[in-house]
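This is a predicted model, so every value here is computed, not measured.
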Amino acid sequence: MKLAKSTFSVWLAVLATTGFLLLTATGCKKAAAPKPIQPTLSPEQAKEQRLTWNLKTLVEAYEKAGHTNPKWDEPAKRALTEFARSRSQCTESNEAWTLIIFTNCITATDAGCDDPMIRYLYIRFCMNQANSAQAFTDAYYQTAKDMQKSMYPPVRKFYAAARALDQIFSTYGTNTANQPIWREITPLIGQNIEAALNDKTMSAREAYEIANKALSLMCGDTNQYQRAYDCVEKIMLGNWPNDYTIWLLKGRAFTDMAWHARGSGWAYTVSDKGWKHFSERLATAQEALEHAWELYPKDTEIAHQMMTVMLGQGGGRDRMELWFNRAMALDPNDYDACSKKLYYLEPKWYGSREAMLDFGRECVQNTNWAGQVPLVLADAHWNFHRGYVDKSEQTNYWMQPDVWPDIKMSYDRFFELNPEATRYYHNYAWYAYQCEQWNAFNELIPKLGPINYDYFGGKAEFDKMVQLAKEHSGSPKSEENK
């Protein structure tokens, strides 16, 4: 979440007085001398290394944190073990691991567990989503403070504080800097990031994720972001000098800084200075990412970042397609790569509505692609409707003759591939209502399961939608497009 310029200035002032400037050039410690080159681990070895480290900083740390009790130790350790497995990409099912954490956190909490890490997982996976944003903010805030006082390692304290800050931003928006709890939590980032990154037993990938998260919390001011990046890079070069993630981090950071300089508006809104910085930083990002790819051409994140670089540099669609195809070759279910290509094809960049829809239909019809990829066709309509249709015409957009057939094709293919992903019936039902496909909406209601009324604008609004659909069911239009 980006703060307004005046708000962000206040934030930087607070950071400067609370110790977060250990991430700046003046606060960094000199990096350690480079280590000898180590052999690259296989994917299986890398997962095993991450799992060992995550178990050490979660399960072993729990045993030393002073909150153990036979009443809840077993479910607490099960929850922490499964979280460690998810962090290490060692889970077998995207759905099962969340359920394991959910069930065991509730069991441990009901038994009286007061461990702050278990509380953190409880908030993330078990806290009722019907709670207000303020309730989540208060819960994350208290847990971040409790974690700071605990014996858990710095990396866990860092993530607890980072999660709390994310929630604070989400709750208060541009008024964040005026909140006392924000001023209490912000210093915890600086107090833990350097110690977390200096844990040489973690994998380079873990370090990359920590550094990237820290940088995301600095997003908004290029100068501070640059100094923060310089510091994290020095620490990582000292501990993992030969890993490709160093170059991925650099590519990502300079891509971010390039877009900071340019802004996200149309080309005519960019200053000459903005264009200069944009071009220079994208060139640096491209060089870093190409080197990362040479070191390890198996990480889709490199391809994703290069697609963003290609978006900024232009030079022909073929340049973007090269990296899109590389991403899809690595992961045929790569929804992120498809979303980036869809954005590239928007009218304000290098495409049109027709180009967006043609690609969306390819995402449905290509039998080699799966996962959430078929939803890109529905996304194409949503993105065009949101960004390129006058507000006075946005409601009528859903009545255009090509819209509902595309939406239906998109979701029918998605559920054919992902029959267990029932939460997406909310999205499908919302589109059916907007397109005035009353019978389709009525048929989807029983499939919603526990209804998230907020998604539809509240229970009262949902009830109105249901009533209207019942009144129109069986209409000629509804039957024709069923």
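- In this structure, a donor-acceptor pair under 3.5 Å is present between the side chains of Y343 and W349.
- Put simply, CD on E290 and CD on E294 are 7.5 Å apart, with the number rounded to the nearest 0.5 Å.
- Sorted by first and then second residue, the pairs that involve residues 130-139 and meet side chain to side chain donor-acceptor pair (under 3.5 Å), not counting sequence neighbours, are Q134-D138, Q134-Y172, T137-T171.
- Checked by atom type and distance alone, the side chain of Q437 pairs as donor or acceptor with a backbone atom of C435 at under 3.5 Å.
- Ring geometry, Y244 versus Y296: the interplanar angle falls under 30°, so the pair is classed parallel (tilted spans 30 to 60°).
- Ring centroids of F414 and Y424 are separated by less than 6.0 Å, placing the two rings close together.
- With contacts defined as side-chain heavy-atom distances shorter than 4.5 Å, the pair M320/M306 does not qualify.
- S339 places a side-chain N or O within 3.5 Å of a backbone atom of Y335 that can act as its donor or acceptor partner.
- Judged by distance alone, the side chain of N418 and the main-chain N or O of G371 form a donor-acceptor pair under 3.5 Å.
- Pairing each heavy atom of A161 with each of I185, the nearest pair is O-CG2, 3.6 Å.
- Nearest approach of L248 to A292, heavy atoms of both residues: N-CB, 3.9 Å.
- Side-chain atoms of S86 come within 3.5 Å of backbone N or O of F83 as a donor-acceptor pair.
- Inspection of the T308 and K340 side chains reveals an N or O donor paired with an N or O acceptor under 3.5 Å.
- Between Y411 and N427 there is a side-chain heavy-atom pair separated by less than 4.5 Å.
- Close placement of the F278 and W259 rings is indicated, their centers lying within 6.0 Å of each other.
- Taking every heavy atom of both residues into account, I101 and A79 meet most closely at CG1-O, 3.8 Å.
- At a cut-off of 3.5 Å, with distance as the only test, a side-chain donor of Q226 or D230 sits close to an acceptor on the other residue.
- Atom-to-atom distance recorded for W382:CH2 and I407:CD1 is 10.5 Å, nearest 0.5 angstrom.
- Qualifying salt bridge (charged side-chain N to carboxylate O under 4.0 Å, His left out) partners for E471, counting only residues two or more places apart in sequence or in other chains: none.
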Q: Would you please test F125 and L99 for side chain to side chain contact (heavy atoms under 4.5 Å, CB included) and show each step?
A: CA-CA 8 Å; F125 297 99; L99 181 60; over 6 Å; no
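- Figure legend: R353 and F384 shown as a cation-pi pair, the cationic atom lying under 6.0 angstrom from the six-membered ring centre and within 45 degrees of its axis.
- A distance of 9.0 Å separates OG1 of T176 from CG of L165, quoted to the nearest 0.5 Å.
- For Q394 (side chain) and V389 (main-chain N/O), a donor-acceptor pair under 3.5 Å exists by modelled atom type.
- For the pair L417 and W369, the minimum side-chain heavy-atom distance is 4.5 Å or more.
- Once rounded to the nearest 0.5 Å, the distance linking CD of Q434 with CZ of F441 reads 9.5 Å.
- Remark: Q400 CD is packed, more than 12 non-hydrogen atoms of other residues, nucleotides or ligands lying under 6.0 Å away.
- One N or O on the side chain of R281 and one on the backbone of M257 form a donor-acceptor pair closer than 3.5 Å.
- The main-chain N or O of P374 is found under 3.5 Å from a side-chain atom of S410 such that the two form a donor-acceptor pair.
- Of all heavy-atom pairs spanning L444 and A432, the tightest one is CD1-CB, 4.2 Å.
- The neighbour count for W53 CH2, taken as heavy atoms of other residues, nucleotides or ligands under 6.0 Å away, is above 12.
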Q: Run the numbers on T143 and R163 for side chain to side chain contact (heavy atoms under 4.5 Å, CB included), then give the verdict.
A: CA-CA 10 Å; T143 301; R163 177 71 65 164; over 6 Å; no
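- Within 6.0 Å of CG on N128 lie more than 12 heavy atoms contributed by other residues, nucleotides or ligands.
- For the atom pair CD1 of I210 and CG of L249, the computed distance is 11.5 Å after rounding to the nearest 0.5 Å.
- Side-chain atoms of Y141 and Q167, non-hydrogen and from C-beta on, never get closer than 4.5 Å to each other.
- Salt bridge absent: K250 and E287 never bring a charged side-chain N and a carboxylate O closer than 4.0 Å.
- Checked against a 6.0 Å centroid threshold, the rings of F324 and F359 count as neighbours.
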Q. Side chain to side chain contact (heavy atoms under 4.5 Å, CB included) between M202 and Q49: does it pass, once the steps are laid out?
A. CA-CA 8 Å; M202 78 169 74; Q49 182 190 52; over 6 Å; no
Q: Take W97 and R85, measure what side chain to side chain contact (heavy atoms under 4.5 Å, CB included) needs, and give me the verdict at the end.
A: CA-CA 8 Å; W97 69 268; R85 286 171 57 79; over 6 Å; no
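- Put simply, the side chain of H426 gets close to the backbone of N452: a donor and an acceptor are under 3.5 Å apart.
- A distance of 6.0 Å or more separates the ring centres of Y120 and Y159.
- Counting all heavy atoms, side chain and backbone alike, W293 lies closest to D299 at CZ3-O, 3.8 Å.
- With contacts defined as side-chain heavy-atom distances shorter than 4.5 Å, the pair E321/K341 qualifies.
- In terms of modelled atom types and a separation under 3.5 Å, the side chain of Y350 and the main chain of L311 share a donor-acceptor contact.
- The aromatic rings of H385 and Y397 sit tilted, their planes meeting at an angle between 30° and 60°.
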Q: Please test D331 against R326 for salt bridge (charged side-chain N to carboxylate O under 4.0 Å, His left out), starting from the C-alpha separation and ending with a verdict.
A: CA-CA 9 Å; D331 180 8; R326 284 176 171 176; over 6 Å; no
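- Considering only heavy atoms from C-beta on, T300 comes within 4.5 Å of H304 through its side chain.
- The aromatic ring centroids of Y431 and W404 lie 6.0 Å or more from each other.
- In this structure, Y428 and Y425 have parallel ring planes: the angle between them is below the 30° cut-off, well short of the 60° mark.
- With a 6.0 Å radius and a threshold of 12 heavy atoms from other residues, nucleotides or ligands, K276 has its NZ atom at or below the threshold.
- Here the side chains of R252 and Y208 are in contact, with some heavy-atom distance below 4.5 Å.
- The pair E416-R413 counts as a salt bridge, with a side-chain nitrogen and a carboxylate oxygen less than 4.0 angstrom apart.
- Remark: the backbone N or O of E206 is not paired with any side-chain donor or acceptor of R50 at under 3.5 angstrom.
- Of all non-hydrogen atoms in N368 and P332, the two that sit nearest each other are O-CB, 3.1 Å.
- A donor-acceptor pair shorter than 3.5 Å cannot be found between the side chains of E461 and Y453.
- Side-chain contact between L377 and C363 is absent, with no heavy-atom pair separated by less than 4.5 Å.
- Note that the CE atom of M356 and the OH atom of Y344 stand 14.5 Å from one another [nearest 0.5 Å].
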